Amino acid sequence: MIDLKQLRENPDQFLARLNLRSDYSEPIQQILALDQQQRSIEMNRSQLQARSNEIGKLVGQKMKSGVKADDPEVQTLRDEGNQIKAQLSELEPQEKELKAELEALMLTIPNLPSETTPLGKSEEENVEVKRWGDEYLPTNPDILPHWEIGEKLGILNFERSVKIAQSRFVSLIGAGAALERALIRFMIDRQTAAGYTEISPPFLVNTASLTASGQLPKFAEESFKCDRDDLWLLPTAEVAINSFHRDEVIDADLLPLHYCAYTPCFRREAGSYGRDTRGLIRLHQFDKVELFKFVHPDTSEQEHQALLQNAEAILQALKLPYRAIELCTGDLGFSAIKTYDLEVWLPSAGKYREISSCSNCGDFQARRGNVRFKEAGKKGTQFLHTLNGSGLAVGRTMAAILENYQQPDGTVLVPEALQPYLGREVL
RNA sequence: GGAGAGGUGGCAGAGUGGUCGAAUGCGCUCGACUUGAAAUCGAGUGUACGGAAACGUACCGAGGGUUCGAAUCCCUCCCUCUCCGCCA
C-alpha cells in the first residue's frame with residue numbers, strides 16, 4: 001500500500017517516481033480528489049459526533065440526578081440528538097463509500113521504485129550485474145532439453161499428468177521424485193544453516209493474505225480459487241509468510257526475522273499460453289523454497305544483498321552457471337522497490353532463465369498487512385520492511401541440473417553437493 | 001456436520017443501557033524509602049486518524065440495527081473451547 005500521507009504532502013515528486021514504472025497520473029489524481037472529499041466529510045462528521053456524545057452525557061447526568069425522561073429539558077436534548085442522528089445518517093454512508101473507493105483504488109497502485117533501481121521501460125533495459133560459473137558451462141555439444149532427457153531416463157512424465165490434471169503439470173518418477181525431495185532438503189538445510197527459521201505454512205490462503213502481499217486485487221487471474229471457501233491455492237510462500245505476522249506489532253529487538261519455507265506453488269499462468277509449453281519451466285504447480293525477511297527499515301538494503309547471496313549460494317553449491325540481473329523500473333514487480341533476478345544457464349535454450357527473484361518490498365506489504373514494530377522508549381509504531389526471494393525454484397533447478405550435468409552417454413551426473421542427499425552419483 | 005460455552009487493554013479478569021478507553025490484580029516504566037536488593041508507597045503505562053497545540057473522533061472478535069446514549073439489548077458472520085459424529 002502506498003503511503004497516502006507521503007502522496008498528499010508531495011504529490012508531484014510521488015507521481016514522478018511512480019511514473020518510472022508507467023503512467024499512473026489518472027488514478028493518482030483520483031486518489032487525491034477522493035482523499036480530500038473524504039477528509040472534509042470526516043471533519044464534519046467528527047464534529048457532529050462530538051456534540052452527539054456531549055448530548056448523550058448531558059442526558060445521562062440529568063436522568064441520574066432525578067430528572068424524568070419526559071422533562072422538557074431532556075426532550076430538547078433528545079430532539080437535538082435526533083437531528084444530529086439524521087445528519088449523520090447522511091454523512092456516514094457517504095464517508096464510508098468514499099473510503100471504500102479510496103482504499104480500492106489505492107490497492108491497485110504499485111510500490112514506488114527505489115532511487116537505486118535502474119531506469120527503464122521494459123525487461124530489455126534490465127541490467128546484468130553479475131555472471132558466475134563460466135567454468136562450469138557444459139562443453140557437451142549434444143545436450144537434450146531437460147524434458148527429453150527426463151523422459152528418456154523415465155523420471156519425468158507429462159503425458160500421464162494431463163490425464164490426472166491438465167497440461168502444465170508433471171509427475172516425477174523414481175529418481176526424479178527422489179531428486180526433487182533431495183533438492184528441497186538440500187535447500188532448506190542450507191538456508192536454515194544460514195539463519196533462516198523454517199516454516200511450513202498452510203497451502204491455502206485467504207483473500208486478506210493475498211491482498212496483503214499484493215497479488216490481489218490486481219492479479220486475481222493468476223491464482224487458483226476455491227470458490228466456496230474464500231481460499232486460494234498458494235501462488236508463492238511469500239504470501240503465507242507475509243501474513244504470518246499480519247496485524248502484529250513486533251518488538252524491535254526481535255528484528256530481523258528470517259524465515260524460509262518449502263511449499264508447492266500454484267499459478268494459473270493466464271496469458272502465457274504459447275510460452276514454455278514443454279518441460280519444467282512453466283507449470284501450474286511447482287515446488288519452491290522461499291526466503292523471507294521482516295526487517296528494520298534502516299537495514300533493509302543490506303538485508304536485501306544478504307538474501308540475494310543466500311539464494312546465489314545454492315546455485316554456487318550446485319555449480320550451476322548463472323547471472324544476476326537487476327530489474328529496471330519498468331519491469332519491477334507490483335510490490336517491489338528493487339529486485340534482482342537470478343538466471344540459471346539452460347543449454348537447450350541457449351540462454352539464462354529466471355530461477356530466483358529477490359525483492360525488497362520496503363514498507364509496502366507491511367502497510368497492506370499492517371505489520372509494525374515498536375522501539376522501546378519511542379512513541380508509536382512504524383511499519384517494517386519485508387524482503388523475499390526464491391532460494392530456489394525447485395523445478396527449474398531440476399531442469400538446470402538435467403541439462404548442465406548431462407553426459408554424452410545420456411546419463412546425468414548428480415551435483416556433488418547433492419549426492420549425500422540422493423545417495424547416488426548418476427541418474 | 002449436531003449440541004453447548006465463550007471472544008474485553010501485554011496477561012489475568014470485572015463490567016447486562018448513562019459521565020466506560022473501560023474497575024481490580026499482575027506485568028512494565030519512572031520516582032521515594034534502602035548501603036544494595038526484596039517488600040512497601042507514589043506517579044505513569046494501548047493503537048489509529050485529524051490538529052501547531054489544547055483537544056477531538058474511532059476502536060471491548062467483525063459487520064449491521066435499536067436508542068438522546070451500546071462493551072452491555074437485537075440480527076448476521078468469523079473465530080476459540082467442550083462433548084458427540086466423521087476422518088488422515
Side-chain angles (χ1 to χ4, degrees), chain A residues 1-9 31-107 200-212 226-232 243-255 264 363 366-384:
Chain A
M1 182 78 89
I2 56 168
D3 182 354
L4 189 53
K5 215 184 272 179
Q6 188 192 351
L7 169 62
R8 201 186 284 145
E9 280 164 11
I31 286 174
L32 286 167
L34 285 169
D35 177 48
Q36 209 161 32
Q37 287 177 52
Q38 193 269 118
R39 277 152 57 90
S40 93
I41 289 186
E42 179 176 334
M43 239 158 61
N44 210 335
R45 197 217 66 217
S46 89
Q47 275 168 14
L48 285 170
Q49 202 74 256
R51 177 57 186 161
S52 170
N53 290 345
E54 199 180 351
I55 289 170
K57 280 180 189 172
L58 283 172
V59 173
Q61 276 167 13
K62 294 207 182 296
M63 310 251 300
K64 214 158 202 189
S65 66
V67 181
K68 289 268 164 30
D70 54 3
D71 187 280
E73 215 181 339
V74 170
Q75 200 51 54
T76 311
L77 285 169
R78 289 169 85 170
D79 288 346
E80 192 187 346
N82 273 322
Q83 274 174 37
I84 290 175
K85 209 198 307 195
Q87 292 179 64
L88 283 173
S89 72
E90 289 199 14
L91 285 180
E92 272 171 355
Q94 277 179 44
E95 190 190 346
K96 225 173 185 178
E97 199 177 317
L98 282 169
K99 266 191 165 153
E101 227 179 300
L102 183 62
E103 160 112 359
L105 203 50
M106 294 233 299
L107 285 172
S200 180
F203 299 162
L204 296 184
V205 294
N206 58 32
T207 298
S209 297
L210 280 162
T211 306
C226 314
D227 250 317
R228 305 165 58 183
D229 299 294
D230 183 36
L231 286 171
W232 308 65
S243 278
F244 192 67
H245 290 295
R246 182 144 49 82
D247 293 318
E248 289 184 20
V249 179
I250 297 167
D251 189 338
D253 295 341
L254 298 175
L255 298 179
D363 65 5
R367 281 178 190 285
R368 291 169 82 102
N370 190 29
V371 192
R372 295 167 291 164
F373 68 94
K374 168 130 182 96
E375 283 175 309
K378 270 200 188 173
K379 215 176 145 46
T381 57
Q382 286 175 262
F383 292 108
L384 46 69

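As the structure is a computational prediction, the values presented were derived from the model and not from experiment. Numbered from 1 within each chain, the chains take letters A, B, ... in sequence-line order. Only this structure's heavy atoms are used, side chains among them; waters, hydrogens and symmetry mates stay out.
- Proximity note for A:S46 (side chain, C-beta onward) versus B:G18, B:U57, B:C68: the nearest is B:U57.
- Rounded to the nearest 0.5 angstrom, A:L32 CG and A:Q37 CD are separated by 11.5 Å.
- Across all strands shown, B:A14 forms no Watson-Crick or G-U wobble pair with both distances under 3.5 Å.
- To the nearest 0.5 Å, atom CG of residue A:L34 and atom CD of residue A:E103 are 12.0 Å apart.
- Salt-bridge formation is detected for the pair A:D35/A:R8: a Lys NZ or Arg NE/NH1/NH2 atom is positioned less than 4.0 Å from an Asp or Glu carboxylate oxygen.
- Nucleotides B:A53 and B:G65 have their P atoms positioned 34 Å apart, rounded to a whole Å.
- For the P atom pair drawn from B:G63 and B:A71, the interatomic distance equals 13 Å after rounding to whole Å.
- For A:V59, whose side chain is taken as the heavy atoms from C-beta onward, the closest listed nucleotide among B:U57, B:G50, B:G18 is B:G18.
- When the nearest nucleotides of RNA chain B are assigned to A:R8 and A:Q61 by heavy-atom distance, the more 5′-ward of the two goes with A:Q61.
- Side-chain atoms of A:M43 and A:R39, non-hydrogen and from C-beta on, never get closer than 4.5 Å to each other.
- Remark: the separation of the C1' atoms in B:A48 and B:C11 is 23 Å, to the nearest Å.
- Put simply, CD on A:Q49 is 12 Å from C1' on B:C68, counting in whole angstrom units.
- Nucleotide B:C28 holds its P atom 17 Å from the NZ atom of A:K374, rounded to whole Å.
- The side chain of A:N53 contributes an N or O atom lying less than 4.0 Å from OP1 or OP2 of B:A58.
- Atom pair A:M43:CE and B:C49:C1' shows a separation of 13 Å (rounding to whole Å applied).
- Put simply, the side chain of A:L384 does not reach to within 4.5 Å of the side chain of A:H245, judged on heavy atoms.
- Side chain of A:T211 to backbone of A:T207: a donor-acceptor contact under 3.5 angstrom is found.
- Base pairing of B:G21: no nucleotide in any strand meets the Watson-Crick or G-U wobble criterion (both distances under 3.5 Å).
- Regarding contacts with the backbone of B:U66, every side-chain N or O of A:K85 stays at 4.0 angstrom or more from both OP1 and OP2.
- Contact annotation for A:E42: backbone-only contact, meaning every heavy-atom pair under 4.0 Å involves sugar-phosphate atoms and none involves a base.
- Rounded to whole Å, the C1' atom of B:G25 lies 32 Å from the corresponding atom of B:U35.
- Taking the P atoms as reference points, B:A70 lies 16 Å from B:G61, given to the whole Å.
- Of all nucleotides present, none satisfies the Watson-Crick or G-U wobble test against B:A70 with each distance under 3.5 Å.
- Rounding to whole angstrom units, CD of residue A:Q47 and C1' of B:C55 are separated by 12 Å.
- Mapping A:R372 and A:G56 onto RNA chain B by nearest heavy atom places A:G56 at the nucleotide closer to the 5' end.
- Of all nucleotides present, only B:U45 satisfies the Watson-Crick or G-U wobble test against B:G27, with each distance under 3.5 Å.
- As rounded to whole Å, 14 Å separates atom C1' of B:U57 from atom CZ of A:R39.
- As rounded to the nearest Å, B:G10 and B:U29 have C1' atoms that lie 13 Å from one another.
- The pairing partner recorded for B:G1 is B:C84, the criterion being a Watson-Crick or G-U wobble arrangement whose two distances lie under 3.5 angstrom.
- With both pairing distances under 3.5 Å, B:U76 is matched to B:A62 as a Watson-Crick or G-U wobble pair.
- Shown here, B:C33 forms no base pair; nothing in the strands shown gives a Watson-Crick or G-U wobble contact with both key distances under 3.5 Å.
- Of all nucleotides listed (B:U19, B:C68, B:G18), B:U19 comes nearest to the side chain of A:K57.
- Per the geometry, CG belonging to A:N44 stands 16 Å off C1' belonging to B:C49, to the nearest Å.
- A distance of about 12 Å separates the C1' atoms of B:C60 and B:G46, rounded to the whole Å.
- Rounded to the nearest Å, the gap between the P atom of B:A12 and that of B:G27 is 15 Å.
- Residue A:L48 contributes atom CG, which lies 15 Å from atom C1' of B:G50 at whole-angstrom precision.
- With both pairing distances under 3.5 Å, B:A38 is matched to nothing as a Watson-Crick or G-U wobble pair.
- Side chains of A:T76 and A:D79: a donor-acceptor N/O pair is absent below 3.5 angstrom, by distance only.
- The phosphate of B:A48 has OP1 or OP2 within less than 4.0 Å of a side-chain N or O from A:T381.
- Separating the CG atom of A:N370 from the C1' atom of B:G46 is a distance of 14 Å, rounded to the nearest angstrom.
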